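Notes follow the structure.
This is a predicted model, so every value here is computed, not measured.
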Amino acid sequence: MNKKGKLIAKSNGKGKDCVFTEIVLENNYTALQNAKYEGWYMAFTRKGRPRKGSKTRQHQREVHFMKRLPRGHHTTEQSLRFEFLNYPPFTRSLRGSQRTWAPEPR
């Protein structure tokens with residue numbers, strides 16, 4: 001994150017401006033706070049574009065990542081199982097305006 005709050009990519013990301021602290025919030029979501037600029041968080045808009053760190057706050061929805069389970073709450077194996085459904089193979093159908101018409105051969 002540069003000094004204006006913009007997320008940037010660096011080939012050598014060892015500086016404090018490239019380090020983020022993971023904070024578990026009250027609502028069990030995770031926020032990533034910049035180590036160099038206190039109070040600036042990594043955030044993405046609904047369209048997936050990064051927001052400037054200087055415009056973000058901890059309570060904003062764009063800052064919340066990956067919901068975590070509360071302490072002491074463990075998942076059971078039954079909730080981790082997948083259920084497989086068999087569907088017929090997908091066939092594409094063209095809409096009326098996209099159909100190509102050719103006269104039948106004689």
Side-chain angles (χ1 to χ4, degrees):
M1 194 174 279
N2 65 7
K3 60 186 174 185
K4 292 182 180 179
K6 188 174 180 181
L7 282 175
I8 56 172
K10 289 188 176 181
S11 59
N12 183 7
K14 295 181 181 177
K16 236 183 170 185
D17 54 345
C18 293
V19 177
F20 290 88
T21 307
E22 185 178 17
I23 301 169
V24 179
L25 304 172
E26 295 174 0
N27 58 359
N28 296 321
Y29 279 92
T30 302
L32 299 171
Q33 183 179 18
N34 193 298
K36 185 174 182 180
Y37 304 104
E38 295 287 326
W40 288 10
Y41 297 89
M42 183 185 299
F44 294 94
T45 63
R46 290 182 183 182
K47 293 184 177 183
R49 296 184 184 127
R51 285 193 66 187
K52 284 189 176 182
S54 56
K55 304 270 185 193
T56 59
R57 300 290 176 261
Q58 187 175 3
H59 67 275
Q60 294 172 335
R61 190 184 328 171
E62 292 93 357
V63 173
H64 299 172
F65 294 100
M66 295 183 357
K67 187 163 187 163
R68 294 185 172 223
L69 296 174
R71 285 190 178 174
H73 188 277
H74 299 284
T75 59
T76 60
E77 281 191 35
Q78 291 177 350
S79 64
L80 298 176
R81 292 184 183 158
F82 291 100
E83 183 178 334
F84 293 97
L85 302 174
N86 290 326
Y87 286 104
F90 178 72
T91 57
R92 279 184 91 170
S93 61
L94 298 174
R95 294 180 183 236
S97 62
Q98 295 176 342
R99 289 189 183 129
T100 57
W101 180 82
E104 292 185 20
R106 293 184 185 183

Spatial distance of atom [atom1] ([X]) from atom [atom2] ([Y]) [nearest 0.5 Å]:
| X | Y | atom1 | atom2 | value |
| --- | --- | --- | --- | --- |
| Leu25 | Thr30 | CG | OG1 | 7.0 Å |
| Met66 | Leu32 | CE | CG | 8.5 Å |
| Met1 | Trp40 | CE | CH2 | 7.5 Å |

Give me the atom names and distance for the closest heavy-atom approach of Lys16 to Ala35.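 Reported closest heavy-atom pair: O-CB, 3.8 Å.
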Residue pair Lys52 / Lys4: nearest heavy atoms and the distance that separates them: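 Closest heavy-atom pair between Lys52 and Lys4: CD-O, 4.0 Å.
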Which label fits Phe65 and Phe44: parallel for a plane angle under 30°, tilted from 30 to 60°, or perpendicular past 60°?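 Ring orientation of Phe65 relative to Phe44: perpendicular.
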Below 4.5 Å, heavy atoms only, C-beta onward: do Val19 and Thr21 meet side chain to side chain?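 Of all side-chain heavy-atom pairs linking Thr21 with Val19, none is under 4.5 Å.
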Within the 4.5 Å heavy-atom criterion, are Arg51 and Thr45 side-chain neighbours or not?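 Yes; the side chains approach each other to less than 4.5 Å.
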Greater than 12 external heavy atoms within 6.0 Å of Glu26's CD: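 Result for CD/Glu26: open.
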Side chain of Ser54, backbone of Gly5: donor and acceptor closer than 3.5 Å?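 Here the side-chain-to-backbone pair does not exist.
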Polar side-chain atom of His64 near backbone of Gln58 as donor-acceptor pair, under 3.5 Å: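 Between the backbone of Gln58 and the side chain of His64 there is a qualifying donor-acceptor contact (under 3.5 Å).
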side-chain contact (heavy atoms from CB on, under 4.5 Å) between Glu62 and Tyr41: does it pass, once the steps are laid out? CA-CA 9 Å; Glu62 292 93 357; Tyr41 297 89; over 6 Å; no
